[in-house]
Amino acid sequence: MALPCTSMSLVRCREHLLSLQLRCRGLRQRIVQADPETTIACWCTPSDLEDPQKPALLLIHGFGGSSTWQWGKQIKSLRKHFRLFLPDLVFFGKSFTVSQHRSEIFQAEMIASAMEAMGIKSYNVLGISYGGFVAFRLAHIFQERVEKVVIVSSGICMSPRDMEELLARGNVKKVPELFVPETHAAVKDLLRLSFVKPPPLLCSFIIDDVIQNMYGTHRKELKELLEALQKREDEEALPTLPQL
């Protein structure tokens, strides 16, 4: 079992630097009340500094971190063509809820509500990994708002056999054990499966820092998100998206 980090957190320092990078690109983080129980944090350009003629593009991050961690390398190019919106999904970054809902449908509803609160009536959506599941539901539920949808590296079409093979490669029996790691070995397995070229060497204190500061705050809720996602996959067939 990993030990709590007691010294300076490299994860927090890195996150601070990434936030500064987004600010240097002209983005600012807003905290939006999506419903009475839920707040959504979202990076976006202040409306008075953005061209209203540009189409809006909503970027939905994956399970490995918040929007601050996901999109830094894409912002410069995308800002030339789009008004960008980078929300944190619930229980990631600064987004939070006291609601007991955990499904990707709930995530989609909260993102849609936040966009509406910011006055954005229509937008394109790009979702990666877990964010792809949310993007898919967002495009299906709010067809009148979502113009185009792009889903990247997401397992929305995974079969039971695909899932069994993934768990076997990760040396785990359940999905949360892989994506919400609690041990050094679990972190290394996740990195090995997530990167073409995983970091060759990670010191123990860095792994402890990752476990504590990337997964420790809402560990229970993150596991519940994955459990709800897998349950829905087992019970429901995917609907058809008119945007595809």
Side-chain angles (χ1 to χ4, degrees), residues 8-52 54-99 104 106-135 138 142 145-146 150 152 209-210 212-218 221-222 225:
M8 181 184 71
S9 169
L10 295 180
V11 168
R12 294 303 182 198
C13 290
R14 175 62 174 166
E15 187 171 47
H16 180 67
L17 290 175
L18 292 172
S19 296
L20 289 177
Q21 182 184 52
L22 293 179
R23 287 182 171 275
C24 289
R25 299 296 187 193
L27 275 65
R28 299 294 182 268
Q29 193 171 50
R30 295 181 58 179
I31 305 297
V32 182
Q33 197 73 39
D35 74 3
E37 297 181 310
T38 308
T39 53
I40 296 293
C42 184
W43 288 98
C44 56
T45 307
S47 57
D48 58 337
L49 300 178
E50 190 59 277
D51 181 359
K54 288 182 182 178
L57 176 60
L58 175 62
L59 302 175
I60 307 180
H61 64 82
F63 209 85
S66 66
S67 59
T68 304
W69 288 85
Q70 187 81 70
W71 303 111
K73 293 183 179 180
Q74 289 77 35
I75 297 303
K76 183 177 180 180
S77 296
L78 291 175
R79 270 208 67 196
K80 297 176 182 178
H81 309 285
F82 299 97
R83 290 176 291 146
L84 297 180
F85 296 85
L86 287 62
D88 289 342
L89 294 170
V90 176
F91 298 123
F92 295 87
K94 296 181 180 179
S95 294
F96 183 73
T97 188
V98 296
S99 168
E104 78 280 13
F106 173 72
Q107 296 273 19
E109 290 172 343
M110 293 304 97
I111 296 300
S113 179
M115 294 293 281
E116 184 175 11
M118 290 187 288
I120 310 303
K121 303 301 182 183
S122 63
Y123 38 89
N124 304 286
V125 179
L126 188 159
I128 186 170
S129 186
Y130 177 69
F133 288 90
V134 179
L138 186 67
F142 301 98
R145 304 184 195 180
V146 177
V150 178
V152 180
D209 192 14
V210 169
Q212 180 76 8
N213 288 296
M214 294 199 73
Y215 301 101
T217 304
H218 297 298
E221 292 83 358
L222 293 176
L225 293 178

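Of the possible donor and acceptor atoms, none in the side chain of S66 sits under 3.5 Å from a partner among the backbone N and O of F92. A donor-acceptor distance shorter than 3.5 angstrom exists from the side chain of D209 to the backbone of L10, with no hydrogens or angles considered. Looking at S113, its side chain does come within 3.5 Å of a backbone N or O of A34 through a donor-acceptor pair. In this structure, the side chain of R28 engages the main chain of R23 through a donor-acceptor pair within 3.5 Å.
At a threshold of 4.5 Å between non-hydrogen side-chain atoms, the residues L222 and F63 count as touching. Side-chain contact between L58 and P87 is present, with at least one heavy-atom pair separated by less than 4.5 Å. Between T217 and F91, every side-chain heavy-atom pair lies at or beyond the 4.5 Å cut-off. Counting only heavy atoms from C-beta outward, the side chains of I111 and L89 approach each other to under 4.5 Å. Side-chain atoms of V11 and W69, non-hydrogen and from C-beta on, do get closer than 4.5 Å to each other. A heavy-atom distance below 4.5 Å is found between the side chains of V32 and M118. The closest side-chain heavy-atom distance from R145 to M115 is not below 4.5 Å. Considering only heavy atoms from C-beta on, Y130 comes within 4.5 Å of L225 through its side chain.
Other residues, nucleotides and ligands contribute at most 12 non-hydrogen atoms within 6.0 Å of the NZ atom of K76.
By the side-chain contact (heavy atoms from CB on, under 4.5 Å) test, Q70 is found to be paired with H61, I128, residues two or more places apart in sequence or in another chain being considered. T39 meets the side-chain contact (heavy atoms from CB on, under 4.5 Å) test with I31, Q33, F96; sequence neighbours excluded. Under the ring pair (Phe, Tyr, Trp, His ring centres under 6.0 Å) criterion, F106 pairs with H101, not counting sequence neighbours. The side chain to side chain donor-acceptor pair (under 3.5 Å) check on R30 picks up nothing, with sequence neighbours excluded.
Shown here for V146 and L138, the closest heavy-atom pair between the two residues is CG2-O, 3.8 Å. S129 approaches G62 most closely through the heavy-atom pair CB-CA, 3.9 Å. Minimum heavy-atom separation, V150 to V152: CG1-CG2, 3.9 Å. Taking each heavy atom of S95 and V90 in turn, the nearest pair found is CB-CA, 3.9 Å. Summarising the geometry of F133 relative to E104, their closest heavy-atom pair is O-CG, 4.1 Å, with the distance given to 0.1 Å. Residue L126 comes nearest to L57 through the heavy atom pair N-CD1, 4.3 Å, listed as atom of the first residue, atom of the second, then distance.
The CG atom of L27 sits 8.5 Å away from atom SG of C42, with the distance rounded to the nearest 0.5 Å. Here M214 contributes atom CE and E15 contributes atom CD; the two are 7.5 Å apart, rounded to the nearest 0.5 Å. Atoms CD and CE, on E37 and M110 in that order, are 9.0 Å from each other to the nearest 0.5 Å. Summarising the geometry, atom CG belonging to N213 is positioned 4.5 Å from atom CZ belonging to R12; distances are rounded to the nearest 0.5 Å. Atom CZ in R25 sits 12.0 Å away from atom OG1 in T45 (nearest 0.5 Å).
Sorted by first and then second residue, the ring pair (Phe, Tyr, Trp, His ring centres under 6.0 Å) pairs with a member in residues 70-89 form an empty list; sequence neighbours excluded. Applying the salt bridge (Lys or Arg N to Asp or Glu O under 4.0 Å) test to every pair with at least one member in residues 77-98, sequence neighbours left out, gives these pairs: E50-R79.
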